[in-house]
Each structure stands twice: as C-alpha cells, then as structure tokens.
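Here's the structure, in structure tokens; my notes come after.
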Amino acid sequence: QVELVESGGGSLQAGGSLRLSCAATRSPSRYTNYCVGWFRQAPGKEREGVAALDSNGPTNYADSVKGRFTVSQDKSNNIFYLQMDNLKPEDTGMYYCAWKWGGWKPPPLTDSSYNHWGQGTRVTVSS
C-alpha cells in the first residue's frame, strides 16, 4: 500500500515559481523500483501528465512544461518534488502525484499507468 500527500500549492502571478511536494508512505514491498508521476487537471479539462520520475533517475516531461518544470526525489525521506518555474496561467489546476511499482523508461505520463494517487494540491496562476 502506498499513501501520497501533496503540498505546496498556492496562488501566484505569472512568471513566478512554486515547488510542490509529495510525501510517500509505503508498506514493505517485494518491488524495489517505482515511478512517480505528476498530473494536473484544469477546470473542465481532462487530467494530463506533466512530469514523471523513475526511481533510478530517468525523467519524462510533457512538451508544455519542458524547460520550466523539474521533477526530483529525496529517496532517504520518500519525498518527491515538482519545481515549477516561469508559471503561466495555463498551468492553473489541481496537481496530483501518483505512484506505480516497477520502473519504466521513460516513466509514463498516462494516468492509467498509476494505481496510487494523492488528494491533490491546487495551483492558481493569474496573468
């Protein structure tokens, strides 16, 4: 079992930065590798993957956030981060982290690949 808790959302103006955190609590597993994905859902839109990280290091980003978002992990504390720079109004939405056991290269950005989800944290970017 994996529990995920996001934090770090907020409201800010375009051009600003935010760092989202995802704290993972997991029961012992026979699996050692995993992927963590970051997704967002804007009002009236479908959820989309924005960034993902494989436990061994490979990352994957949606074209819309490449060069602006960076995903990272603190393995010792089981915390995952999404650094978001140069935010735009279109980055507004509810942000979720998600977990899947098993490594994948590149780590997937499709939500059906993940089976553990956090409750989300809201990001609002104004122009």
Side-chain angles (χ1 to χ4, degrees):
Q1 185 67 18
V2 179
E3 294 185 1
L4 304 171
V5 179
E6 302 95 334
S7 61
S11 298
L12 73 167
Q13 291 190 324
S17 297
L18 274 178
R19 188 178 76 163
L20 305 184
S21 300
C22 173
T25 304
R26 46 187 167 137
S27 302
S29 171
R30 60 190 175 101
Y31 300 104
T32 56
N33 297 323
Y34 54 83
C35 292
V36 171
W38 285 94
F39 294 80
R40 68 185 179 196
Q41 187 166 22
K45 294 189 176 181
E46 293 188 356
R47 187 164 57 191
E48 62 172 340
V50 297
L53 173 77
D54 177 276
S55 53
N56 290 316
T59 57
N60 194 12
Y61 297 94
D63 288 343
S64 59
V65 306
K66 279 181 181 176
R68 300 189 298 121
F69 289 14
T70 305
V71 61
S72 62
Q73 59 180 329
D74 175 354
K75 280 192 173 183
S76 60
N77 292 304
N78 286 326
I79 302 176
F80 302 86
Y81 299 102
L82 181 67
Q83 177 68 40
M84 306 186 295
D85 298 318
N86 190 21
L87 282 160
K88 303 177 181 180
E90 51 264 42
D91 295 319
T92 293
M94 186 71 82
Y95 281 71
Y96 303 88
C97 64
W99 178 287
K100 68 175 291 294
W101 285 111
W104 205 258
K105 298 175 181 58
L109 294 177
T110 51
D111 55 4
S112 59
S113 299
Y114 296 84
N115 45 21
H116 299 281
W117 292 82
Q119 84 291 346
T121 186
R122 188 172 300 278
V123 174
T124 304
V125 185
S126 58
S127 57

>> Once salt bridge (charged side-chain N to carboxylate O under 4.0 Å, His left out) is applied, what residue pairs with a partner in residues 112-127 remain, sequence neighbours excluded?
In response: none
> What distance separates Q73 CD from S55 OG, expressed to the nearest 0.5 Å?
Replying inline: 7.0 Å
> How far does CZ of R47 sit from OH of Y95, to the nearest 0.5 angstrom?
Replying inline: 14.0 Å
> What residues, two or more places apart in sequence or in another chain, satisfy side chain to side chain contact (heavy atoms under 4.5 Å, CB included) together with D63?
Replying inline: K66
>> Contact between F80 and L4 at the side-chain level, heavy atoms closer than 4.5 Å - yes or no?
In response: no
>> Check for me, please, whether Y96 and V50 land in the same ILVMFWY cluster - side-chain distances under 4.5 Å, paths through other members count.
In response: no
> Taking atom CG of N56 and atom CH2 of W104, what is their separation to the nearest 0.5 Å?
Replying inline: 14.0 Å
> Any sub-3.5 Å donor-acceptor pair from Q119's side-chain atoms to E6's backbone N or O?
Replying inline: yes
>> Is any side-chain heavy atom of V123 closer than 4.5 Å to one of D91?
In response: no
> Taking only residues two or more places apart in sequence, or in another chain, which ones meet F39 in a ring-ring contact (aromatic ring centres under 6.0 Å, His included)?
Replying inline: Y114, W117
>> Could you check whether any side-chain heavy atom of S64 comes within less than 4.5 Å of a side-chain heavy atom of E90, counting everything from C-beta outward?
In response: no
> Pairs in or reaching into residues 29-67: which pass disulfide (SG to SG under 2.5 Å), with residues at least two apart or in two chains?
Replying inline: none
> What about M84 and M94, same hydrophobic cluster or not, with Ile/Leu/Val/Met/Phe/Trp/Tyr joined at side-chain heavy-atom distances under 4.5 Å?
Replying inline: no
>> Donor-acceptor pair, distance only, cut-off 3.5 Å: does the side chain of D54 make one with the backbone of P107?
In response: no
> For I79, what are the other residues in its hydrophobic cluster, where any two members join if their side-chain heavy atoms are less than 4.5 angstrom apart?
Replying inline: Y81
>> Any side-chain to backbone donor/acceptor pair from K45 onto R40? Under 3.5 Å, distance only.
In response: no
>> Taking T92's backbone N and O only, do any of them form a donor-acceptor pair with T124's side chain (distance below 3.5 Å, no angle check)?
In response: no
Without placing hydrogens or testing angles, list every side-chain donor-acceptor pair under 3.5 Å for residues 7-29, not counting sequence neighbours.
from	atom 1	to	atom 2	distance (Å)
S17	OG	D85	OD1	2.8
R26	NH2	N78	OD1	3.1
S29	OG	Y31	N	3.0

> In terms of hydrophobic clusters joined by side-chain contacts under 4.5 Å, are F69 and L109 together?
Replying inline: no
